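What follows is a single structure, written as C-alpha cells, with notes after it.
Given the structure is predicted, the values throughout are model-derived calculations rather than measurements. Just so we're on the same page: letters track the sequence lines, and every chain starts at 1.
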Number of protein chains: 2
Amino acid sequence: MDQKKICPRFEKALKILNHRWNTLLIYQLLDGPQRYSTIKKQLNISSRVLTERLKELETEEILLRTVIPTTPVVIEYELTEKGYALAPVLKAIEQWSSDWVTITKD
Amino acid sequence: MDQKKICPRFEKALKILNHRWNTLLIYQLLDGPQRYSTIKKQLNISSRVLTERLKELETEEILLRTVIPTTPVVIEYELTEKGYALAPVLKAIEQWSSDWVTITKD
DNA sequence: TACACTAGGTTACGAATTGTAAGTTAAAGA
DNA sequence: TCTTTAACTTACAATTCGTAACCTAGTGTA
C-alpha cells in the first residue's frame, strides 16, 4: 500500500551511475585528464555514445571539458571534485569483484 | 596502441551492476527477503523486466529464489552472501549522493 | 460441474536506446 | 588544391525496454 520511498538523491545517483558506460568512463578518468580519442580507444565505445555520455557527465558536473587550441584542436576531459568523490564507489566495486566475481567462459 | 586493459572481473561486476534496475533491486533486497509482488510495487518495474533481472541475478548467485508452496504459490527472493557483500557499494553510492547530488526540477 | 480468484509469471508488439559506419568541420602542412 | 587530424554528427539498423493482455495451478464458491 504505502511504499517506503527511496531517497530522490540516491535515485538520481543510481540513474547517473547505472547509465551504460558512465561508471567505466569515470573509472577511466580517475587516472587523470584524458583526451576524447584516448578514452574512445580505451573503452572501445562508439563516438556517438561517447559524446552523449561525456555531455551528460559534464551537465552533472562530474567532469570538465577543456578545449586545447592546438591544431587540430584537442579536447581534454577531467573529473571535477564531485567526480573524484566517486572513487570510493569504484573502489568498493573493485573490492567486491575481486572477492566474489568469477569469470565463466561460454 | 597498447591499451591498459581493465580487469575482467571488475568489468563483469560493472556489467552486472550497471544493468538497468539491478542495483536498485539489490538495494531493495538489502532490507531482507521479499516477494515478487512486493518488489514489483516498490520499484515500479514491469513484470517482464523484473522477471528477467531476477533470473540474471539468480544466475550470478547474487540472489536466491525460494518457492513457498502456499496457495497460490508465493515466491521469495533474498540476497546470498555474495549479494549482501554488495552493501558497501550501495553505502558508498548513498554517501556520495548525500554529499554531492542535488535535485533540479525541470 | 462451472466459474472466479490469486501470485507469479509470459507473450506480442510498439517505443526508446544503442551500435555501426560514413560524413562533417576547421586549421595547417605538402 | 589536396590531404591530414581530432572531435564530433548523422542516418539507420540492431537491441532492449515498457505496456498491456494473457496464461497456469490450486483453491473456494455456487
Length of the [atom1]-[atom2] vector between [X] and [N], whole Å:
X       : N      : atom1 : atom2 : answer
B:Asn22 : D:dC17 : CG    : C1'   : 14 Å
A:Leu24 : C:dT18 : CG    : C1'   : 16 Å
B:Arg53 : C:dG8  : CZ    : C1'   : 18 Å
B:Tyr36 : C:dT10 : OH    : P     : 8 Å
A:Asn18 : D:dC17 : CG    : C1'   : 15 Å
B:Glu52 : C:dG9  : CD    : C1'   : 13 Å
B:Lys41 : C:dA7  : NZ    : P     : 8 Å
A:Ile45 : D:dA7  : CD1   : C1'   : 14 Å

Phosphate contact ([N] OP1 or OP2) by [X] side-chain N/O below 4.0 Å:
X       : N      : value
B:His19 : C:dT17 : no
A:Trp21 : C:dT17 : no
A:Thr71 : C:dA27 : no
B:Tyr77 : C:dA7  : no

Whether B:Arg48 and B:Glu52 form a salt bridge (side-chain N of Lys/Arg under 4.0 Å from carboxylate O of Asp/Glu) is what I want to check. yes
Classify the nucleic acid contact of [X] as base, sugar-phosphate or nothing, counting any heavy atom under 4.0 Å across all strands shown.
X       : answer
A:Arg48 : base
A:Ser37 : sugar-phosphate
A:Ser47 : base

Among [options], find the nucleotide with the atom closest to the side chain of [X].
X       : options                : value
A:Arg20 : C:dT18, D:dC17, C:dT20 : C:dT18
A:Ile75 : D:dC8, C:dT10, C:dT18  : D:dC8
A:Pro72 : D:dT5, D:dC8, C:dG9    : D:dT5

B:Lys55 or B:Arg35, whichever maps to the more 5' nucleotide of DNA chain C: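 Its nearest nucleotide lies further toward 5', so the answer is B:Arg35.
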Are B:Glu58 and B:Tyr77 linked by a side-chain donor-acceptor pair shorter than 3.5 Å?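 No pair is found: no donor N or O on one side chain lies under 3.5 Å from an acceptor on the other.
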Tell me whether A:Glu78 at atom CD has more than 12 heavy atoms from other residues, nucleotides or ligands lying less than 6.0 Å away.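 Atom CD in A:Glu78 is packed in, count exceeds 12.
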Considering heavy-atom distances to DNA chain D, does A:Glu76 or B:Thr70 have its closest nucleotide positioned more toward the 5' end? A:Glu76
Test of understanding: clusters of I, L, V, M, F, W, Y form through side-chain heavy atoms closer than 4.5 Å, transitively. Do A:Val49 and A:Leu57 belong to the same one? yes
Is A:Leu29 linked to A:Ile68 within one hydrophobic cluster, defined over Ile, Leu, Val, Met, Phe, Trp and Tyr using a side-chain heavy-atom separation of less than 4.5 Å?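 No, A:Leu29 and A:Ile68 fall in different hydrophobic clusters.
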